[in-house]
Amino acid sequence: MSSENYSFETKLLHNRHKFDPATGAVSVPIQHASTFHQLDLDKFGKYDYARSANPTREALEDVIAELEGGTRGFAFSSGMAAISTAFLLLSAGDHVVITEDVYGGTFRLVTEVLTRLGIEHTFVDMTDLNEVKQAIQPNTKAFYVETPSNPLLKVTDIQAISSFAKEINAVTYVDNTFLTPEYQRPLELGADVVLHSATKFLSGHSDVLAGLAVVKDEELGKRLYFLQNSFGAVLGVQDAWLVLRGLKTLHVRLEQSQKSAIKLAEYLEAHPLVEKVHYPGLENHPQYELQKTQAGGPGAVLSFELEDEQALQTFLKYVKIPVFAVSLGAVESILSYPAKMSHAAMPQAEREKRGIKNGLIRLSVGLENTDDLIKDFSQALQHVKDQHLVLQQGESV
Ligand SMILES: Cc1ncc(COP(=O)(O)O)c(C=O)c1O
């Protein structure tokens, strides 16, 4: 069944895996088999061993490929497993131009693992296309984009980077974790490999760790399949099923969370104790127009700055609704502290160079009532204000 003409939210439900052709079950069966009986010595069936292919994992791989507008999808045991395997497309002596405020785990992989394997890198501010051009070397074989970036929500022009890459026969990777294909489809903008931490919005319930990769080019698909099977960091079937289930509600979750994120960003922006809000849905965001042209929305993640770590500690002590945790993209709102969580793998000097300050906190907006969230933030910020006054009085005594 082709679902080409359906809108995105319909495709989430009415795709090739709408029901199981063998039984009619309206849920993809969880196929626990690690191996498959073969009827012929010379001609094996479609499935032989589950690392190479498993029907449940394959259903998820088909669905994400279709949603991203690709030809092949690949499911991995985590976002980092997807990213690491995709980087194995490169070889010793190759060079990658990479966005500077990349997720901390990707930073660690590139700086501490790939360098050991002879793969070089240059970090750039990808919002500055001149800087990107200047970083290109004769051995540049890849561009690595995360947009909006983590945690400063900077927006990179995917089409421009992909065309630089095409000129020199390099590949463009895009980490699409923050927006998902609901709002951004990098393959349609010329990128070659789309990567996901499916741990986040795609599954959406803080109950599974998973990674995905999607390509459009069939030859690249063959190479990535070879690496997936060789490296073996594949997604287990229970987890593949959880991601498939989460995907069915992606549209309603993201739309609702984004609506709240816009209101919260506006609220925070107007608050005198908030020094800065990073969110591409605000008109004063430096890449607001670009975001509108390349994506269907600004998403449900934002970050904001309080004066310092102490103000942040007070805020966290009193805020009640969001969980304070390492992650994003879930039904519950999540606050995280990049300096000690997602970007702990980045040395402080590197973080500061990139503008990831100690007063910066990231918010992933969940499905709670927006007014409840705003009320909760207001009372926590009131405590920050009170604390500030106490400190000022102490100083003046
Ligand atoms: C943007 C981004 N990419 C990749 C990852 C890594 O994914 P995982 O934690 O599923 O390995 C994360 C995790 O937070 C992320 O935020």
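Predicted, not measured: the structure shown is a model, and the values here were computed from it. Start at 1 and go down the list; that is how both ligands and their atoms are numbered.
- Using cut-offs of 30° and 60° on the angle between ring planes, the pair F377 and F304 is tilted.
- Checked by atom type and distance alone, the side chain of Q228 never pairs as donor or acceptor with a backbone atom of V234 at under 3.5 Å.
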Could you go through ligand 1 and note, for every N or O atom, any protein N or O atom closer than 3.5 angstrom, writing the atom names and distance to 0.1 Å, or 'none'?
| residue | atom | partner | partner atom | Å |
| --- | --- | --- | --- | --- |
| ligand 1 | 3 (N) | D175 | OD2 | 2.6 |
| ligand 1 | 7 (O) | S197 | OG | 3.0 |
| ligand 1 | 10 (O) | G79 | N | 2.9 |
| ligand 1 | 10 (O) | S197 | OG | 2.8 |
| ligand 1 | 10 (O) | T199 | OG1 | 2.7 |
| ligand 1 | 11 (O) | G79 | N | 3.1 |
| ligand 1 | 11 (O) | M80 | N | 2.8 |
| ligand 1 | 14 (O) | K200 | NZ | 2.6 |
| ligand 1 | 16 (O) | N150 | ND2 | 3.3 |

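- Heavy atoms from other residues, nucleotides or ligands lying under 6.0 Å from CG of N169 number 12 at most.
- For F143, the ring-ring contact (aromatic ring centres under 6.0 Å, His included) test picks out no residue, with sequence neighbours left out.
- The aromatic rings of Y144 and Y173 sit tilted, their planes meeting at an angle between 30° and 60°.
- Ion pairing between R16 and E66 fails under the 4.0 Å rule for side-chain N and carboxylate O.
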